[in-house]
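A short worksheet on the structure shown next.
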Protein chains: 2
Amino acid sequence: MKKLINDPQDVVVETLEGFALAHADLVQVHTDPAYVTRTGGAVPGKVGLVSGGGSGHEPLHAGFVGVGMLDAAVPGAVFTSPTPDQIAPAIAAADGGAGVLTIVKNYTGDVLNFETAAELAEVEGITVRQVLVNDDVAVEDSLYTAGRRGVAGTVAVEKIAGAAAERGDDLDAVAALARRVVDNVRSMGLALTACTVPHVGRPSFDLGDDEIEIGIGIHGEPGRHRVGLEPADALTEKLLTPVVEDLGLTGGEQVLLLVNGMGGTPASELYVVYRRARALLAERGIEVTRSLVGNYVTSLEMQGASVTVLRLDDELTALWDAPVHTAALRW
Amino acid sequence: MKKLINDPQDVVVETLEGFALAHADLVQVHTDPAYVTRTGGAVPGKVGLVSGGGSGHEPLHAGFVGVGMLDAAVPGAVFTSPTPDQIAPAIAAADGGAGVLTIVKNYTGDVLNFETAAELAEVEGITVRQVLVNDDVAVEDSLYTAGRRGVAGTVAVEKIAGAAAERGDDLDAVAALARRVVDNVRSMGLALTACTVPHVGRPSFDLGDDEIEIGIGIHGEPGRHRVGLEPADALTEKLLTPVVEDLGLTGGEQVLLLVNGMGGTPASELYVVYRRARALLAERGIEVTRSLVGNYVTSLEMQGASVTVLRLDDELTALWDAPVHTAALRW
């Protein structure tokens with residue numbers, strides 16, 4: 001296993017140490033238990049936003065802590081849910097008196113642990129709502145989920161809910177907006193290569209030199225099927241078509257298009273995929289009015305990409321455009 | 001060769017097509033010959049900034065076109081210098097009447113072709129100055145250079161010269177500032193894996209499963225030596241020490257620290273390296289006042305990282321902090 005790490009057991013802590021040093025203007029990293037909050041702490045009167053999950057998907061979630069997005073993020077071990085005793089203090093730290101919304105990717109461990117943490121927080125008098133993200137159209141149930149998995153659509157949920165909280169929406173309104181994003185966002189990904197979890201030390205799955213996994217999850221869990229080597233244009237169509245059809249998009253609609261790298265993919269390849277996705281959407285009369293291309297929800301060093309489409313309306317567009325200042329998203 | 005591409009000959013053009021679609025608010029992509037300019041064209045009275053080089057290092061250089069940084073970027077074929085007939089129209093497009101500074105990484109082909117293009121532009125009445133970036137301390141001469149190579153320090157040169165041009169400095173002043181950055185910035189990188197140039201179809205070099213190349217160039221050209229697998233902390237020291245010593249940094253100085261990914265490296269590993277580089281600089285009494293961590297000057301899907309240090313003073317710091325709005329750098 002070749003990685004720029006020290007002891008595999010220390011990867012998450014050392015990553016957080018570096019992250020805290022590099023972004024001291026934006027975040028504060030807490031250890032024992034580990035969670036990340038905005039510098040300055042909870043904003044009085046603002047709904048708090050907390051997300052989290054296994055590490056290895058950076059910049060998700062700590063990279064999205066800051067003004068206009070999350071108040072706190074809770075990183076578990078690599079590809080492992082954070083524990084309730086990590087999540088509960090993060091919820092408490094994010095509460096400015098207006099309650100807290102947790103944004104949880106739909107994996108069984110995450111869902112259980114965030115629910116337990118919410119119960120702990122409510123005992124302390126904090127009102128908590130939870131929104132599950134399940135945008136991955138690849139598989140209905142999976143290795144780690146009942147129902148669909150949550151993947152790169154999470155970025156849109158966190159951004160738009162974050163903007164709603166920032167403008168002063170109350171907890172029910174922020175939760176309703178987050179659910180509106182969940183209802184209107186879908187994703188699908190593929191992998192060219194597997195990734196290696198540091199404390200495991202070998203690739204999470206085997207993929208032949210002439211095989212591509214279509215519908216891959218962000219932990220390397222199986223997708224829909226494998227195909228041989230195909231041009232990017234054909235592969236992009238295999239991702240985009242199920243996304244568009246599941247959303248029921250029709251001509252004249254406006255969307256956000258996110259082409260997300262899995263961590264080890266060159267930017268050039270993401271733009272090649274983006275270009276083809278744009279052409280396919282144009283053929284259907286669907287207008288891309290907002291775009292994002294880059295590594296946002298990754299799987300360590302995996303080579304591959306996912307395509308995410310969010311159906312936009314004027315309000316979602318305005319919230320997407322609202323100012324954001326985090327390590328990974330800023331405008 | 002597993003890549004998200006179509007015909008290897010079309011990678012650069014298709015990447016530019018996707019880039020143009022994704023960032024239509026920022027850039028305009030010209031084809032035949034290929035170059036990228038700011039939307040809106042040259043700014044009257046402002047010094048124009050042009051850079052370029054082989055493709056495969058994205059987001060360099062097109063990702064740095066926009067307000068506060070470059071006016072135009074010229075992408076060659078992958079790892080191949082752009083031609084004078086690409087560069088000359090880019091210089092012309094960037095000229096707002098105050099002359100043009102070209103920022104050129106020190107590779108023999110780039111230097112020659114930018115000089116030829118400058119001569120062509122001067123025949124058209126455009127005043128051109130050129131600054132060579134040669135920040136790589138790993139080797140004195142290399143496969144493609146006489147003298148040191150230009151690597152990730154280029155980002156600092158483009159950012160700071162861009163801010164100087166934006167505030168209205170004249171051509172000589174912008175060129176002098178760019179040279180001041182060159183004089184005060186050094187870098188060194190390592191590779192865990194090789195990368196594969198699309199139209200070649202096989203890795204650029206062989207690196208064993210238990211080997212790491214120290215002092216790698218951004219085209220996979222050889223560095224100083226190979227080592228076995230070592231912890232990130234030890235590897236980081238091997239990069240940082242030559243950088244600090246070549247710069248002659250002493251206690252009490254302030255620096256910008258850039259930890260750059262080579263394209264296939266997870267963000268978590270870059271933060272592990274950043275963390276150790278911070279500690280090593282702190283031990284020497286050197287204060288890191290500005291930071292950048294991410295993929296800025298890459299080598300396709302290569303796994304690895306480089307460490308760049310820029311000695312700061314008040315003026316360089318202010319110019320670094322000045323607003324920038326490009327695809328890859330924005331604040």
Side-chain angles (χ1 to χ4, degrees), chain A residues 1-7 11-12 14-19 21-23 55-56 58-59 63 78 190 192-193 195 209-210 212 229 231-233 235-236 257 259 263-276 278 288 291-293 295 298 300-301 303-305 325 327-328 330-331, chain B residues 1-7 11-12 14-19 21-23 55-56 58-59 63 78 190 192-193 195 209-210 212 229 231-233 235-236 257 259 263-276 278 288 291-293 295 298 300-301 303-305 325 327-328 330-331:
Chain A
M1 174 178 61
K2 258 190 192 177
K3 288 178 181 291
L4 286 170
I5 63 172
N6 296 298
D7 187 325
V11 170
V12 173
E14 292 184 353
T15 298
L16 288 173
E17 287 173 1
F19 188 78
L21 287 164
H23 307 291
S55 292
E58 292 73 22
V78 174
L190 63 79
L192 303 183
T193 64
C195 60
D209 284 346
D210 56 353
I212 291 170
L229 300 189
D233 282 3
L235 293 168
T236 302
L257 173 60
V259 173
T265 315
S268 52
E269 298 182 22
L270 300 181
Y271 283 109
V272 170
V273 170
Y274 176 87
R275 165 194 148 278
R276 180 60 178 159
R278 277 291 292 257
V288 176
S291 298
L292 198 61
V293 181
N295 292 318
T298 63
L300 297 166
E301 75 282 7
Q303 288 183 44
H325 188 174
R330 182 169 175 181
W331 55 70
Chain B
M1 174 178 63
K2 258 189 191 177
K3 288 179 181 290
L4 286 170
I5 62 173
N6 297 298
D7 186 325
V11 170
V12 173
E14 292 183 355
T15 299
L16 288 173
E17 286 172 3
F19 187 78
L21 287 165
H23 306 291
S55 291
E58 291 75 21
V78 174
L190 63 79
L192 303 183
T193 64
C195 58
D209 284 347
D210 56 353
I212 292 169
L229 301 187
D233 282 3
L235 292 168
T236 303
L257 173 60
V259 173
T265 316
S268 52
E269 298 182 23
L270 300 181
Y271 284 110
V272 170
V273 169
Y274 177 87
R275 164 194 149 277
R276 179 61 179 158
R278 278 290 293 256
V288 175
S291 299
L292 198 62
V293 182
N295 292 318
T298 64
L300 296 167
E301 75 281 8
Q303 288 183 45
H325 188 173
R330 183 170 174 179
W331 55 71

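So you know, we letter chains A, B, ... as the sequences are listed, proteins then strands, and number each from 1. Just so you know, these numbers come straight off a predicted model, no measurement behind them.
- When heavy atoms are compared at a cutoff of 4.5 Å, A:Phe19 approaches chain B by way of both its backbone and its side chain.
- Listed options A:Thr298, A:Val273, A:Leu235, A:Asp209 were ranked by heavy-atom pairs under 4.5 angstrom with chain B; first place goes to A:Asp209.
- Minimum interatomic distance between A:Ser291 and B:Ala22 (heavy atoms only, all atoms of both residues): CB-O, 4.1 Å.
- Of the two parts of A:Asp7, neither the backbone nor the side chain holds a non-hydrogen atom closer than 4.5 Å to a non-hydrogen atom of chain B.
- Residue with the most contacts toward chain B among A:Glu58, A:Met1, A:His23, A:Glu301: A:Glu301 (heavy-atom pairs, distance under 4.5 Å).
- Interface residue A:Ile5: backbone and side-chain heavy atoms are both found under 4.5 Å from chain B.
- Contact of the B:Lys2 side chain with the A:Gln303 side chain is not registered, since no non-hydrogen atoms from C-beta on lie closer than 4.5 Å.
- For the salt bridge (Lys or Arg N to Asp or Glu O under 4.0 Å) with B:Glu14, the lone residue among A:Arg276, A:Arg275, A:Arg278 that qualifies is A:Arg275.
- Listed by chain and number, the residues in a side chain to side chain contact (heavy atoms under 4.5 Å, CB included) with B:Thr15 are A:Ser268, A:Tyr271, A:Val272, B:Val11 (sequence neighbours excluded).
- With values rounded to the nearest 0.5 angstrom, A:Leu192 atom CG is found 4.5 Å from B:Leu4 atom CG.
- The parts of A:Leu21 that come within reach of chain B are both its backbone and its side chain, each placing non-hydrogen atoms under 4.5 angstrom from that chain.
- For A:Leu292, no part lies near chain B; criterion is any non-hydrogen pair under 4.5 Å.
- Panel note: side chain A:Asp233, backbone B:Asn6; no donor-acceptor pair is recorded below 3.5 Å.
- Residue A:Arg330 touches chain B through both its backbone and its side chain, counting heavy-atom pairs closer than 4.5 Å.
- Applying the side chain to side chain contact (heavy atoms under 4.5 Å, CB included) test to B:Val12 and every residue at least two apart in sequence or in another chain returns B:Leu16, B:Ser55, B:Val78.
- Heavy-atom distances place no part of A:Ala328 under 4.5 Å from chain B, backbone and side chain included.
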